[in-house]
Amino acid sequence: MTDHSSPACASAPRTRGPAPPRVRYRPRAMHNDSFLRACRGERPERTPIWLMRQAGRYLPEYRAVRAKVSFEELCRSPDLCAEVTLQPIDRLGVDAAILFSDILVVFDALGVDVRFEPSPVVATPVRTQADVDRLQWIDPREACHYVYAAVRACKAALADRVPLIGFCGAPFTTLSYLVEGKTSREFEHVKSLMFCEPGLFGHLMERLTDLLIDYLRGQVEAGVDALQVFDSWAGALAPDDYREHVYPHTARLCAAVREFGVPLINFTRGNANLLAFAGETAADVVGVDWSIELDRAIDVVGPERVVQGNLDPFALLGPPALVERKARAVVAAGRRAKAHIFNLGHGISRHTDPAIARLLVDTVHDA
């Protein structure tokens, strides 16, 4: 637990300032628009909820699909992506769908091979200037055409029942996989590049930011109704290093993407000390992980911001009464924000009982 009155926010920007001005969103005729309304700072009749990784291994119908195809094949099969994207909509009754894909499919636009074993493994990590020079920088609308086809397939299958969320990894998280070559605990290669060759690190972050902006633009053009940026590994950095080497690129990404006319969620995971930085970006919604209580998170980003979160996903492995109690507490805390979208503090565990996930959704809607 992080006490916001302690040094938790000492390295954050000195002045929070008002919430960024809102743009005019394109009208969306949704049967259930509570998620989009909350993104705009409105208060729907009930708190909207969706779950990170809500289409995944905890669902038997998803496992049935995966028994037939590899993860890579699934990500590149638009019709199957649409099928699994809709599975939690039908089973759980959540208020938004999130495109089934992976943040690393964008590596196709770099000419970088990545395999999922099941965690991602990059065949040739990028750690030197020569490695950077070999990257191809292909237009993502060409290299990742199957992603945009999947968006169109999802929109057709959803038939405007609920909004569809697209996404990407944040520049630092994307770079981390590219440089480390796999999931890391120490981030030795990333930090070595950042500290020893800051110019090369900054150049690569700049180019990746440009690529991700184009990648998200294509998702909006294909029809997504909202976007989320996942900075899954930002918590690996000290706040001072995040401020100097990462924040400017994430802020530029958010500012550019917000001009696309759909709501943007900025989700930074793993270090409550970085939450104030997330609140400083132009994103419409600040995603909050479980490392800080939601009411304290609202104190950090300000009650004028929309927040998303933040139940510990492993709480869903507990008894139903505990799930109900914790869910109601999060909903109550979220009432202090301008608006609140319920979510987990990270992805749902593959060991979760789907019936408990449905109980969570019903509890949030009734709270």
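- Atom OG in S291 sits 8.5 Å away from atom CG in N273 (nearest 0.5 Å).
- Contact check for D289 versus H346: no side-chain heavy atoms found under the 4.5 Å cut-off.
- The shortest non-hydrogen separation linking L158 to A97 is CD1-CB, 4.1 Å.
- Put simply, CG on D231 and CG on L253 are 9.5 Å apart, with the number rounded to the nearest 0.5 Å.
- In this structure, R127 contributes its side chain and V179 its backbone to a donor-acceptor pair below 3.5 Å.
- Side chain of T363 to backbone of E324: no donor-acceptor contact under 3.5 angstrom is found.
- Taking all atoms of both residues into account, the shortest heavy-atom contact from V306 to C39 is CG2-O, 4.1 Å.
- The heavy-atom pair separating Y177 from P120 by the smallest distance is CE2-CG, 3.5 Å.
- With hydrophobic clusters built from ILVMFWY side chains whose heavy atoms lie under 4.5 angstrom apart, L200 shares a cluster with V190.
- A 4.5 Å side-chain heavy-atom check between I103 and T174 finds every atom pair outside the cut-off.
- Judged purely by atom type and a 3.5 angstrom limit, H340 uses its side chain to pair as donor or acceptor with the backbone of G309.
- Counting only heavy atoms from C-beta outward, the side chains of K155 and D160 approach each other to under 4.5 Å.
- When all heavy atoms are compared, the tightest approach of C75 to V105 is CB-CG1, 4.3 Å.
- When side chains are defined from C-beta on, D95 counts as touching H365, because their heavy atoms get closer than 4.5 Å.
- For residues 128-172, the ring pair (Phe, Tyr, Trp, His ring centres under 6.0 Å) pairs, not counting sequence neighbours, are F167-F230.
- Looking at L135 and L204, their side chains come closer than 4.5 Å, going by heavy atoms from C-beta outward.
- The pair R305-D284 fails the salt-bridge criterion, with no side-chain N (NZ, NE, NH1 or NH2) lying under 4.0 Å from an Asp/Glu carboxylate O.
- Classification of the Y242-Y247 ring pair by plane angle, with boundaries at 30° and 60°, yields tilted.
- Between the side chain of R141 and the main chain of C144, no donor-acceptor pair closer than 3.5 Å is present.
- No donor-acceptor pair under 3.5 Å is formed between the side chain of N310 and the backbone N or O of G345.
- Within 6.0 Å of atom CD in E188, 12 or fewer heavy atoms from other residues, nucleotides or ligands are found, so the atom counts as exposed in its surroundings.
- Both V162 and V84 are assigned to one and the same hydrophobic cluster, defined by single-linkage of ILVMFWY side chains at heavy-atom distances under 4.5 Å.
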Could you walk me through whether I98 and M52 pass the side-chain contact (heavy atoms from CB on, under 4.5 Å) check? CA-CA 8 Å; I98 183 166; M52 287 181 274; 5.8 Å; no

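- Hydrophobic clustering, with ILVMFWY side chains joined whenever heavy atoms are under 4.5 angstrom apart, keeps W290 apart from V285.
- Contact detail for H249 and E206: the closest heavy-atom pair is CE1-OE1, 3.4 Å.
- Side-chain contact check for V94 versus I89: some heavy-atom pair is nearer than 4.5 Å.
- Here M205 contributes atom CE and T209 contributes atom OG1; the two are 5.5 Å apart, rounded to the nearest 0.5 Å.
- Cluster membership check: V132 shares its hydrophobic cluster with L110, using side-chain heavy-atom separations under 4.5 Å among Ile, Leu, Val, Met, Phe, Trp and Tyr.
- A donor-acceptor contact shorter than 3.5 Å links the side chain of T352 to the backbone of S349.
- Salt bridge present: E45 and R37 bring a charged side-chain N and a carboxylate O closer than 4.0 Å.
- For the atom pair CE of M194 and CG of D241, the computed distance is 4.5 Å after rounding to the nearest 0.5 Å.
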Verdict with reasoning, L311 to L360, per side-chain contact (heavy atoms from CB on, under 4.5 Å): CA-CA 10 Å; L311 182 68; L360 174 66; 3.9 Å; yes

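- Grouping the Ile, Leu, Val, Met, Phe, Trp and Tyr side chains by contacts below 4.5 angstrom, directly or via other members, places V331 with I298.
- Pairs engaging residues 71-122 under the ring pair (Phe, Tyr, Trp, His ring centres under 6.0 Å) rule: Y62-F100, F71-F100, F71-F116 [sequence neighbours left out].
- A109 and A143 make their closest contact through CA-CB, 3.5 Å (heavy atoms, listed as atom of the first residue, atom of the second, distance).
- Side-chain atoms of Q219 never come within 3.5 Å of backbone atoms of V147 as a donor-acceptor pair (strictly under, hydrogens ignored).
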Determine whether D108 and I138 satisfy the following criterion, side-chain contact (heavy atoms from CB on, under 4.5 Å), listing intermediate values before the conclusion. CA-CA 8 Å; D108 283 358; I138 306 166; over 6 Å; no

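- A salt bridge links R161 with D90: the closest approach of a Lys/Arg side-chain nitrogen to an acidic carboxylate oxygen falls below 4.0 angstrom.
- Using modelled atom types, one side-chain atom of D225 and one backbone atom of L164 make a donor-acceptor pair closer than 3.5 Å.
- Side-chain N or O atoms of R152 include none that pairs as donor or acceptor with a backbone N or O of G223 at under 3.5 Å.
- Residue F187 places its CZ atom among more than 12 non-hydrogen atoms of other residues, nucleotides or ligands, all under 6.0 Å distant.
- Annotation: side chain of R217 is in contact with side chain of I213 (closest heavy-atom distance under 4.5 Å).
- A distance of 13.0 Å separates CZ in R91 from CD in Q54, rounded to the nearest 0.5 Å.
- A donor-acceptor contact shorter than 3.5 Å links the side chain of T173 to the backbone of W233.
- One finds the SG atom of C154 at 9.5 Å from the CG atom of D79 (value rounded to the nearest 0.5 Å).
- Between P163 and W50 the shortest side-chain heavy-atom distance does not fall below 4.5 Å.
- Between R296 and D299 no salt bridge is recorded (no basic side-chain N to carboxylate O distance below 4.0 Å).
- Residues passing the salt bridge (charged side-chain N to carboxylate O under 4.0 Å, His left out) test with D366: none are found, sequence neighbours excluded.
- Using a 4.0 Å cut-off between charged side-chain N and carboxylate O, D210 and R252 make a salt bridge.
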Show the numbers, then the answer: is there a side-chain contact (heavy atoms from CB on, under 4.5 Å) between L227 and I165? CA-CA 5 Å; L227 293 164; I165 304 168; 5.7 Å; no

